[in-house]
Structure formats: structure tokens, C-alpha cells
Amino acid sequence: MKKMLLFTALACVACGTKPAETPREQLVGRLNTLVAEGKIAYAHQDDLAYGHAWCVEDWETDALERSDVKAVAGKYPAMVGFDLGDIEHGADKNLDGVPFGLIRKAALAQIERGGMVTFSWHPDNIITGGDAWDVSSDQVVKSILPGGEKHDEFMVWLQRGADFIESLGDVAVIFRPWHENSGNWFWWCQNVCTVDEYKALFRMTWEYFVQECGLTNLLWCYSPNGPFTKESYMERYPGDEYVDILGADFYEFIGPDGIKGSGERFAGVISDMLGKMAEMGVAHNKLIALSETGLEGIPDNNWWSEVLYPALKDYPVSYVLTWRNAHDKPGHFYGPWEGYAGEEDFKIFAAKENIVLLD
Ligand code: BMA
């Protein structure tokens, strides 16, 4: 085997051909091409695993051909997101009850079909035993860094995450840990850890995955939540060598100004964020993405074409991800589904020449 590799390498030198691109280089190239063509990939969380009123039951035999997005637009989303929450405990299912076996199979099916995949991770609070949203202690990040009393235990958690990623095989995926750090709702947010602690956490995760575990197929996405100034966005940035994609999360909430006013406010913030990210992307030579967004229950029937699309269309955004369509909470959906009131509007959005689904 080694001899063959040596021969291949020599052959490349001899004939002047370039060595084949790695999966990571291919994914970077693909996202850069999309952006160069002015296109934006549409991504949906947990698509293929479940939808608004269905759930894959027997994942080992299921062909995973169901998708709420496909049921409406005729195509799968270009990218699917999954969450690793609870992998840190060696659990069989993630925090939303999705079997990790199904997540692996769905991620690989998505890639096999020519699509892309992104992973987030909501690990529990290692000090209190609470979930990722438990901000009752400001010692959590400090405790898991080298020298902290929870460091060794936490490295086992990281190892379980890395093992899962490794189990995908030689495929490239986007990895987006420690997201929404500028909020105040996760144990890694700015209200419960210092700037230096946060950066150290991101770097420790990168160093463990990449250098210790050899997981070189990941594209790392840094994703504070909006709105932000460039300074606040960059305050906790771990550094160019640890990040491939400048992401950001921002959701719409209907306020006293009603559906129309809230949509306008949301679109204004999104455009402002993306304008700043576009400039930071050029300055740091990074892709940019709207890594999580949506309006729960989408009460605005023209949200896709009249709120989200106009807010995005003028910016070099590689992808936009809307959150999950929970199968067990009827009002908790952020993507389209067959029978939802804005179905026609999603079709208009999906048919835009610069919005990309999976052909
Ligand atoms: C949140 C909600 C929760 C879910 C969590 C992790 O935004 O969708 O129901 O448990 O994400 O997926």
C-alpha cells in the first residue's frame, strides 16, 4: 500500500499533474464557486431525519428519501444541518431524540447525493449537569480548559464528538462549535466566560480535533449571533488559522410592530450583519454564511420571498440555514412543509436563480 502511494506521488511529479483535491479542498472550492457565481445554498436543520409531521422510524432500512423541503420544492436542500448534542455522553440519540446512527446515515446520503452537511453541537453543562442553556455558573469554560478541574472529563466529551466525525469517513463537513457566543443563553456565552477563555476553548477544540485526532476534513465556522458591530463580532474570534467561515445566527421574532414591521426590522438587521461580514470576509479571506436563521412557525406567508430573500440577495453569502421542523411540536418549524400556508412562497424563493437546492 505504501509503495503504491509513493509511486502515485512520483508519477504526479513526473507527469506534472496535480495531486487530487482533498474532500476539504473540494468543499471550499464548491462554496467559493457558489459565491463567485452570486449563488446562495439553502440549508435546513435535521432535514432527512424528520419533518413537521413525520419522523424516520427504522433508520437502518429507510432509504432517507423524505424531506419537507423536497415535498414542497421538489428538491432536497443543498445543505443539511445536524446537531451532536448528547454525543458527549456516548448517547445513542442526540438531544432531540435523533439516533446518531440516523444522523451518520443521513449525512452520508446527503453527501452521496451531491449535497453538503454542517454540524452544530449543544453539549451539556459539565459542572451543573444541566443542558447547554444552563448559565447558572460562570466557571464552566474555565473549568474545562487545561489546568481546570473538569479538563480531563471534558476531553473525553471532545473525544466522543471527534469519534463521531471520524466515523463519517473521508468526507468534508462544516463544523460550527460554540455558536452564538455573543448571546447570554449558553454556558460558553459572553456573560459567563471571558474573551480569553472563549478563544482558548475554540482553539483547544480545533487543536484536539485537527492536530490530535487528524480530522483535517472539517471547515470551521465561527458564528456569533447578531446584531453586532465589527468590533463585537471579532472580539472573541479565535484567529484566522482556526476558522474557515465567518458565520452568524439571527432569528426574527414578531414584536409589537406586527408581522410587517418585525419583518422589516429583521431584514434590516440581516442586511447590516451581512454587509459587515462581507467586509470582514474580504479582510480575513474567509467565506461568509448566515449559519442559523428563521421565524418560528413562519406566520408571514411571504416571508421567504419578501423578507429573507431581499435581505440576503445582495451579499456574498455561501449558505443560509433555517432551523428544524420539529415533528413533535407542531408550531416549532422554520422550514417549509407540505400544507404549510407559505408553501407557494417557498417555491418562489427556491426557484430564484441564485438560490441553490440540491439538483
Ligand atoms: C432549539 C430548539 C430546541 C432544540 C435545540 C437543539 O433551537 O429547536 O427544541 O432542542 O434547538 O436542536
Side-chain angles (χ1 to χ4, degrees), residues 42-56 59 67-69 77 79-89 91-104 106-107 110 117-126 128-135 140 157 160-161 164-165 173-189 191 205 221 223-226 247-254 266 269-270 289-299 303 308 319-337 340:
Y42 173 65
H44 186 217
Q45 185 74 5
D46 279 350
D47 206 274
L48 303 181
Y50 60 82
H52 173 69
W54 61 275
C55 182
V56 167
W59 63 266
S67 151
D68 276 351
V69 171
M79 189 185 293
V80 179
F82 296 103
D83 198 273
L84 297 180
D86 281 358
I87 196 86
E88 67 274 12
H89 304 302
D92 290 343
K93 295 178 176 176
N94 84 350
L95 75 174
D96 296 315
V98 190
F100 283 110
L102 167 55
I103 292 178
R104 182 184 302 107
Q110 168 74 2
V117 170
T118 175
F119 284 100
S120 51
W121 192 0
H122 291 89
D124 283 346
N125 181 320
I126 203 165
T128 64
D131 61 21
W133 290 264
D134 182 344
V135 287
V140 185
W157 286 19
R160 292 185 177 129
F164 178 83
I165 303 266
V173 296
I174 295 168
F175 186 46
R176 190 171 63 89
W178 319 128
H179 66 303
E180 300 174 10
N181 63 63
S182 46
N184 56 11
W185 45 84
F186 294 133
W187 57 254
W188 55 88
C189 281
N191 54 327
T205 308
C221 181
S223 60
N225 49 291
D249 295 7
F250 188 67
Y251 285 84
E252 179 178 342
F253 295 92
I254 304 289
F266 166 79
V269 174
I270 290 284
L290 186 53
S291 40
E292 261 188 59
T293 191
L295 169 61
E296 187 179 27
I298 327 176
W303 188 77
L308 183 64
Y319 72 91
V320 52
L321 180 140
T322 60
W323 202 241
R324 66 199 197 100
N325 289 1
H327 60 92
D328 50 358
K329 296 185 208 165
H332 192 58
F333 65 86
Y334 297 84
W337 44 275
Y340 131 79

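Both ligands and their constituent atoms are indexed starting at 1 by order of listing. As the structure is a prediction and not an experimental result, all values here were calculated from the model. As a basis for the values below, the full set of heavy atoms in this structure was taken, side chains included, without hydrogen atoms, waters or symmetry mates.
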Would you check if there is a donor-acceptor pair between the side chains of H89 and D124 at a distance under 3.5 Å? yes

Run the side-chain hydrogen bond (donor to acceptor under 3.5 Å, both in side chains) test against D86 and tell me which residues pass, sequence neighbours left out. none

Using the rule given for ring-ring contact (aromatic ring centres under 6.0 Å, His included), can you reason through H44 versus W323, listing the C-alpha separation, both sets of side-chain angles and the distance that settles it, and then say yes or no? CA-CA 6 Å; H44 186 217; W323 202 241; 9.2 Å; no

State which residues pass side-chain hydrogen bond (donor to acceptor under 3.5 Å, both in side chains) with D46; sequence neighbours excluded, sorted by chain then number. Y50

Enumerate the pairs of nitrogen or oxygen atoms, one from ligand 1 and one from the protein, separated by less than 3.5 angstrom; state names and distance to 0.1 Å.
{"residue": "ligand 1", "atom": "7 (O)", "partner": "W323", "partner atom": "NE1", "Å": "3.2"}
{"residue": "ligand 1", "atom": "8 (O)", "partner": "W323", "partner atom": "NE1", "Å": "3.0"}
{"residue": "ligand 1", "atom": "8 (O)", "partner": "R324", "partner atom": "NE", "Å": "2.8"}
{"residue": "ligand 1", "atom": "8 (O)", "partner": "H332", "partner atom": "NE2", "Å": "2.6"}
{"residue": "ligand 1", "atom": "9 (O)", "partner": "R324", "partner atom": "NH2", "Å": "2.7"}
{"residue": "ligand 1", "atom": "9 (O)", "partner": "K329", "partner atom": "NZ", "Å": "3.0"}
{"residue": "ligand 1", "atom": "10 (O)", "partner": "D96", "partner atom": "OD1", "Å": "2.5"}
{"residue": "ligand 1", "atom": "11 (O)", "partner": "W323", "partner atom": "NE1", "Å": "3.2"}
{"residue": "ligand 1", "atom": "12 (O)", "partner": "D96", "partner atom": "OD2", "Å": "2.6"}

CZ-CD distance between R324 and E296, expressed to the nearest 0.5 angstrom: 10.0 Å

For residues 91-103, please give each side-chain donor-acceptor pair under 3.5 Å, one per line with the distance, not counting sequence neighbours.
{"residue": "N94", "atom": "OD1", "partner": "D96", "partner atom": "N", "Å": "2.8"}
{"residue": "N94", "atom": "OD1", "partner": "G97", "partner atom": "N", "Å": "3.2"}
{"residue": "N94", "atom": "OD1", "partner": "V98", "partner atom": "N", "Å": "3.0"}
{"residue": "N94", "atom": "ND2", "partner": "D83", "partner atom": "O", "Å": "3.0"}

